[in-house]
A.B. asks: 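Here's a structure for you.
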Amino acid sequence: MSVVTRFPPSPTGLMHIGTARTLLYNWLFARKHGGKVVFRIEDTDRERYDPAHVQALINGVKWIGLDYDGEIFSQYENRTRHAEVAQELLKAGKAYYCYCSPDELDAMRENAKAEGKPTFYDRRWRDSKETPPADVKPVIRIKAPIDGATTVPDHVQGDVTVNNEQLDDMIILRSDGTPVYMLAVVVDDHDMGVTHVIRGDDHLNNTFRQNLIYDAMGWKKPEYAHLPLILGPDGSKMSKRHGAASVEEYRDMGYLPEAMRNYLLRLGWSHGDDEIISDAQALEWFNLEHVVRSPARWDFDKLNHLNAHYIKLADDQRLLELIAPFLPAKNDARILAMMQELKSRAVTLIQLADEAAFLAKSVPLDFTPEAEKLLDADAKVAIKAATDKILALQDFTAPAIEQTCRDLAKDIAGGKLGKVMMPLRAALTGRDKSPSLFHAMEILGKEETIKRLKAVGPDASR
RNA sequence: GUCCCGUUCGUCUAGAGGCCUAGGACACCUCCCUUUCACGGAGGCGACACGGGUUCGAAUCCCGUACGGGACGCCA
């Protein structure tokens with residue numbers, strides 16, 4: 001049997017981070033077993049449907065670096081087939097028409113809750129001999145077993161058992177003839193040959209309802225794996241309140257897709273002591289057995305750590321392209337020349353861009369308050385002295401510049417290199433923190449270096 | 001309210017009865033490196049929710065309590 005997994009998001013907005021992880025697990029599981037992933041948009045709710053949301057989902061999949069097999073499937077377009085199944089169930093006596101109004105249902109709900117009953121629908125139309133009201137369009141409900149218990153085997157949760165009295169005669173076809181989600185998923189999963197349903201924990205209870213349909217149709221049920229949900233850093237539900245709940249936001253914050261993949265994979269799944277896991281290793285190692293059973297909190301620190309790691313590994317040219325949107329000015333040659341050092345320091349692409357920015361700027365630089373403070377009277381003397389020395393320097397390379405600066409420090413600062421370098425740092429970068437200045441000066445070139453030094457030296461007009 | 005699921009360092013987790021004086025990672029602290037900030041390197045702090053069983057022996061099995069999460073729509 002070849003494996004078929006599924007990616008069935010509902011288009012409600014941006015791609016949620018939990019959705020991304022679910023896709024990752026489905027993708028890994030399918031690919032590992034040489035199977036397929038089908039992408040199906042659960043768009044049966046027409047009131048909330050928005051093509052932009054579908055596009056957001058597609059963008060999300062693309063960004064995170066995963067793919068799917070075949071065309072994107074629209075659940076809505078298959079509604080006729082869903083309705084046929086409902087009719088089939090009706091004919092077989094496994095489903096029935098129910099003429100209750102929403103108001104009646106509300107009343108039943110209130111009532112059942114007050115009495116502490118597990119389900120609310122009283123099944124009044126299940127075997128009713130009453131003549132149906134002519135002016136009411138009925139829904140179709142499926143007949144659930146009245147007593148006994150049902151067990152669902154789950155690859156993550158183990159065997160889960162529920163008493164059948166917890167199961168309602170749920171609606172499978174709305175009064176307007178459109179299928180309800182519960183029906184649509186089952187029919188689609190069956191028709192598409194889905195073998196493994198790997199989805200969020202929030203669907204665990206639905207599994208029992210969905211199995212009702214499989215049983216009534218005599219279809220083979222898929223294997224299930226219910227993943228625990230991702231919680232926000234404070235243990236509550238992951239939402240915008242926590243900074244970011246969608247993959248798009250993480251992209252915009254400067255995270256690398258491979259870092260996200262590693263983080264998401266490891267959040268809720270483990271392979272011994274391994275933390276840094278490549279795509280190839282993930283493919284080789286992934287299994288459902290080591291999926292954790294309890295919900296995990298989102299941890300920005302760990303994500304940051306992974307992101308920093310993957311930035312160091314990333315190709316320089318690629319990084320240059322990725323930080324371009326965050327850069328106020330461009331100077332590809334300089335930034336590329338310094339990339340090795342820049343990327344060893346950055347946690348996010350935004351930080352990388354921020355650290356690289358000084359290379360592309362031109363005088364007059366803007367100075368941070370800390371840099372401003374560094375540029376006092378003593379500093380200007382040092383800058384002037386350095387300017388003179390550098391002007392005289394023939395071999396304008398990092399080692400030669402370093403030697404010059406060290407010599408100068410001996411002459412005017414009792415050997416304290418910092419006394420010379422910190423003023424230069426402020427003058428050259430506009431900051432009090434930066435990568436190595438010797439290398440930076442070489443990259444800026446003699447002309448630009450002198451220009452920046454003169455702009456803040458004692459003779460400057462500022 | 002009813003039902004389902006879960007509970008190991010602050011966080012993510014390893015652990016499937018003796019290998020556990022509970023391992024790793026992130027964060028935090030200290031030191032080293034150092035022109036700044038980082039990177040990197042070396043150390044350190046730090047957990048089996050609680051209470052009962054079962055067993056020669058329990059983080060691991062059973063029961064209960066507490067806490068957390070989820071589901072109870074003509075939403076998906």
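Order of the sequence lines fixes the chain letters, A, B, ..., with proteins taken first and strands second; residue numbering starts at 1 for each chain. Hydrogens, waters and symmetry mates are skipped; everything else that's a heavy atom, side chains included, is used.
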A.B. asks: Between A:Lys343 and A:Ala314, what is the shortest heavy-atom contact and its length?
C.D. replies: NZ-O, 2.8 Å
A.B. asks: Could you let me know what B:A25 is paired to, Watson-Crick or G-U wobble, both distances under 3.5 Å, or none if it's on its own?
C.D. replies: B:U11
A.B. asks: Please step through side chain to side chain contact (heavy atoms under 4.5 Å, CB included) for the pair A:Val139 and A:Tyr97, ending with a clear verdict.
C.D. replies: CA-CA 6 Å; A:Val139 299; A:Tyr97 283 120; over 6 Å; no
A.B. asks: Reckon A:Arg174 has a side-chain N or O less than 4.0 Å from the OP1 or OP2 of B:A76?
C.D. replies: yes
A.B. asks: Tell which nucleotide pairs with B:C50, taking only Watson-Crick or G-U wobble pairs whose two distances are both under 3.5 angstrom.
C.D. replies: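 Partner of B:C50: B:G64.
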A.B. asks: Does A:Ser434 put a side-chain nitrogen or oxygen below 4.0 Å from OP1 or OP2 of B:U36?
C.D. replies: no
A.B. asks: Using purine N1 to pyrimidine N3 plus N6-O4 or O6-N4 for Watson-Crick, or N1-O2 and O6-N3 for G-U wobble, each under 3.5 Å, what pairs with B:U2?
C.D. replies: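 Looking at the geometry, B:U2 pairs with B:A71.
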A.B. asks: Which nucleotide, B:C3, B:A38, B:A76, lies nearest any side-chain atom of A:Gln166?
C.D. replies: B:C3
A.B. asks: For B:U35 and A:Arg406 - does any side-chain N or O of the residue sit under 4.0 Å from the phosphate oxygens OP1/OP2?
C.D. replies: yes
A.B. asks: CD of A:Glu110: more than 12 outside heavy atoms within 6.0 angstrom?
C.D. replies: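 No.
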A.B. asks: Could you list the protein-to-nucleotides 63-66 of chain B atom pairs, N/O on both sides, closer than 3.5 Å?
C.D. replies:
none

A.B. asks: Can you identify which nucleotide, out of B:C39, B:C74, B:A76, has its nearest atom closest to the A:Arg48 side chain?
C.D. replies: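 Nearest listed nucleotide: B:A76.
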A.B. asks: Choosing from B:C4, B:G73, B:A76, which nucleotide comes nearest the side chain of A:Asn206?
C.D. replies: B:A76
A.B. asks: Is it the case that atom NZ in A:Lys312 sees more than 12 heavy atoms from other parts of the structure closer than 6.0 Å?
C.D. replies: yes
A.B. asks: Taking ring pair (Phe, Tyr, Trp, His ring centres under 6.0 Å) as the definition, give me every residue that meets it alongside A:Tyr25, ordered by chain and number, with sequence neighbours left out.
C.D. replies: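 Residues passing ring pair (Phe, Tyr, Trp, His ring centres under 6.0 Å) with A:Tyr25: A:Phe286.
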A.B. asks: Please tell me which of the listed nucleotides, B:U35, B:G73, B:C75, lies nearest to the side chain of A:Met422?
C.D. replies: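 My answer, after comparing the listed nucleotides, is B:U35.
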A.B. asks: Looking at B:A16, which nucleotide sits across from it as a Watson-Crick or G-U wobble partner, both distances under 3.5 angstrom, or is there none?
C.D. replies: none
A.B. asks: Any N or O donor-acceptor pair under 3.5 Å from the base of B:U2 to the side chain of A:Thr119?
C.D. replies: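 No pair found.
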A.B. asks: I'd like to know if A:Asp215 and A:Lys221 make a salt bridge, using a cut-off of under 4.0 Å between side-chain N and carboxylate O.
C.D. replies: yes
A.B. asks: Can you check each nucleotide of nucleotides 5-27 of chain B against protein heavy atoms at under 4.0 Å and return B for base, S for sugar-phosphate only, - for none, in 5' to 3' order?
C.D. replies: SSS---BBSSS-------BBBSS
A.B. asks: Taking the six-membered ring of A:Tyr96, is the NZ or CZ of A:Arg126 close enough (under 6.0 Å from the centre) and on axis enough (within 45°)?
C.D. replies: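 No, a cation-pi geometry is absent between A:Arg126 and A:Tyr96.
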A.B. asks: Watson-Crick or G-U wobble partner for B:U30, using a 3.5 Å limit on both distances?
C.D. replies: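 Across any shown strand, B:U30 pairs with B:A42.
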A.B. asks: Please tell me which of the listed nucleotides, B:G40, B:A76, B:U35, lies nearest to the side chain of A:Leu437?
C.D. replies: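 The listed nucleotide nearest to A:Leu437's side chain is B:U35.
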A.B. asks: Nearest to the side chain of A:Lys433, heavy atoms from C-beta on, is which of B:G69, B:U35, B:C37?
C.D. replies: B:C37
